Number of protein chains: 4
Amino acid sequence: MDFNNQHPIFMQIAAMIMDSILEKEVHAGERIQSVRELAGHVQVNPNTVQRAFSYLQDQGVIFNQRGVGYFVSDDAFDKIKSLKREEFIKEFLPELFRRMDHLNISIDDLKQYKA
Amino acid sequence: MDFNNQHPIFMQIAAMIMDSILEKEVHAGERIQSVRELAGHVQVNPNTVQRAFSYLQDQGVIFNQRGVGYFVSDDAFDKIKSLKREEFIKEFLPELFRRMDHLNISIDDLKQYKA
Amino acid sequence: MDFNNQHPIFMQIAAMIMDSILEKEVHAGERIQSVRELAGHVQVNPNTVQRAFSYLQDQGVIFNQRGVGYFVSDDAFDKIKSLKREEFIKEFLPELFRRMDHLNISIDDLKQYKA
Amino acid sequence: MDFNNQHPIFMQIAAMIMDSILEKEVHAGERIQSVRELAGHVQVNPNTVQRAFSYLQDQGVIFNQRGVGYFVSDDAFDKIKSLKREEFIKEFLPELFRRMDHLNISIDDLKQYKA
DNA sequence: GTGGTCTAGACCACC
DNA sequence: GTGGTCTAGACCACA
């Protein structure tokens, strides 16, 4: 976790979980780590992990079975993709184009910075 | 000012001043509005403007003449440009490329979103 | 705290913290008192302590872990030493030599004043 | 004048005048520049020069003849010397030794910094 | 008039 | 609980 980051830690954790689903490390229907396990793993307050899970549940990426744990939704993969796509286009791109205008950078200019 | 914004108001004010310098509305060596004047204009507390000015002074964009006011630095223009460029390249671009990789979007694909 | 001092209170607090690091009362990586705790101890407004912490964070002496508190940087000790050394050599010494010249005092003459 | 200096401008002006007396550019009994002349000279608000003159008058370095101007006191030279000496020993030296202790610098070490 | 500092008290996101 | 920001209002040195 990056504690000196503009992104809240709980969102960093949510992103981490979504990435592990995209990378097929966990599959639809599988149980994910418990709040406490994950909290111990990433050295974070359990409340923070809980908040990440709640967020993912709200987004329909995971679901909760009381007393058992959290599981990956069947359509988690597509949900995540469309979530990321929407956020990228609606929130990230406008900011990108705004900044590029200010700095007189064209889209083709970006290629030189691409690692 | 956008009071319901993730960016703090004092940073919005700082950005506003930097923009007015980039737009050549105020030039190097010129005095800018006093803390109290600007606070009245943008309807915020003088302390908030003060904080924006202190930030800009730390960045070398403006300087203070005691009892007189704040003035635009001689190299303010370049300072601002390099400040913005650095932030863009070091903080914004890595995030951009990370997201594009996840979404399988190429740099050329961006052109279709450009207004 | 000395409230009738030419140095602002928030700088006195910053100096106090740096001294406690130099004196090894707190070590690298350790958490320091919270804003509110310290404010209570030294009988000042929390905002004033906050300002001291922000200054020290800008200088890289301490860092923040969100929702948890402030911690001493790994290289705080060296940072403080070099901060003080630089200030001494660049701002204090020239003034010293200027005054000594005016008063016809040599460096060796200083020894007689040393307690 | 150095407007970005910890020393107040009126004290810088007072020091300037005292220096010109020490350098024998003006002699005891001679009239010095008027407030307005000097203010124009150093590009400063006349109030600021006035304040420097008042300070010097308080210290007995100059005296005022109403409607005519300010004149250098007969014992200005000695007054200035002892003023500077006293300030140096009572205010400057303790600070010097305090800082040198913190930085583990000895009096002999100073010689290497002497231009 | 100017900026610089401080207090008191509030609200917020986050852990 | 933590720090971060903001307001309101005050006092100060300085120009």
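A quick note: this is a predicted structure, and the numbers were derived from the prediction, not measured. Within every chain, numbering begins at 1; the chains are lettered A, B, ... in the order of the sequence lines, protein sequences first and strands thereafter.
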field: For C:His27, all residues meeting side chain to side chain donor-acceptor pair (under 3.5 Å), sequence neighbours excluded
entry: C:Glu30
field: Close approaches to DNA chain E from residues 33-46 of chain B, in residue order (heavy atom, under 4.0 Å)
entry: B:Ser34, B:Val35, B:Arg36
- prompt: Taking only residues two or more places apart in sequence or in another chain, which ones pass salt bridge (charged side-chain N to carboxylate O under 4.0 Å, His left out) with D:Glu87?
  reply: C:Arg99
query: Roughly how many Å is it from CZ in C:Arg31 to P in E:dC15, rounded to a whole number?
result: 15 Å
- prompt: With sequence neighbours left out, which residue pairs that include part of residues 65-88 of chain C fulfil the ring-ring contact (aromatic ring centres under 6.0 Å, His included) condition?
  reply: C:Phe53-C:Tyr70, C:Phe63-C:Phe71, C:Phe88-C:Phe92
Those residues that, when tested against A:Arg66, pass salt bridge (charged side-chain N to carboxylate O under 4.0 Å, His left out) (two or more places apart): none
- prompt: Crowded around B:Arg98 CZ? As in, over 12 foreign heavy atoms under 6.0 Å?
  reply: yes
- line: The complete set of side chain to side chain donor-acceptor pair (under 3.5 Å) pairs with one or both residues in residues 1-11 of chain B, sequence neighbours excluded, reads B:Asp2-B:Asn5
- line: Writing each nucleotide of DNA chain E 5' to 3' as (, ), [, ], | or . by Watson-Crick or G-U pairing under 3.5 Å yields ||||||||||||||.
statement: Those residues at least two apart in sequence (or on a different chain) that pass side chain to side chain donor-acceptor pair (under 3.5 Å) with D:Gln12 are none
- prompt: Considering heavy-atom distances to DNA chain F, does D:Met11 or C:Gln50 have its closest nucleotide positioned more toward the 5' end?
  reply: C:Gln50
field: Start and end of chain C contact along DNA chain F [non-hydrogen atoms, under 4.0 Å]
entry: F:dG1 to F:dC6
- prompt: Which comes earlier along DNA chain E counting from the 5' end, the contact point of B:Val68 or that of A:Arg51, where each point is its nearest nucleotide?
  reply: B:Val68
query: Which residues pass the salt bridge (charged side-chain N to carboxylate O under 4.0 Å, His left out) test with C:Asp101, sequence neighbours left out?
result: D:Lys114
query: For C:Glu86, which residues count as a salt bridge (charged side-chain N to carboxylate O under 4.0 Å, His left out) partner, sequence neighbours excluded?
result: C:Lys90
field: Of all pairs that satisfy salt bridge (Lys or Arg N to Asp or Glu O under 4.0 Å), the ones with a partner from residues 3-27 of chain C, not counting sequence neighbours
entry: C:Asp19-C:Lys84
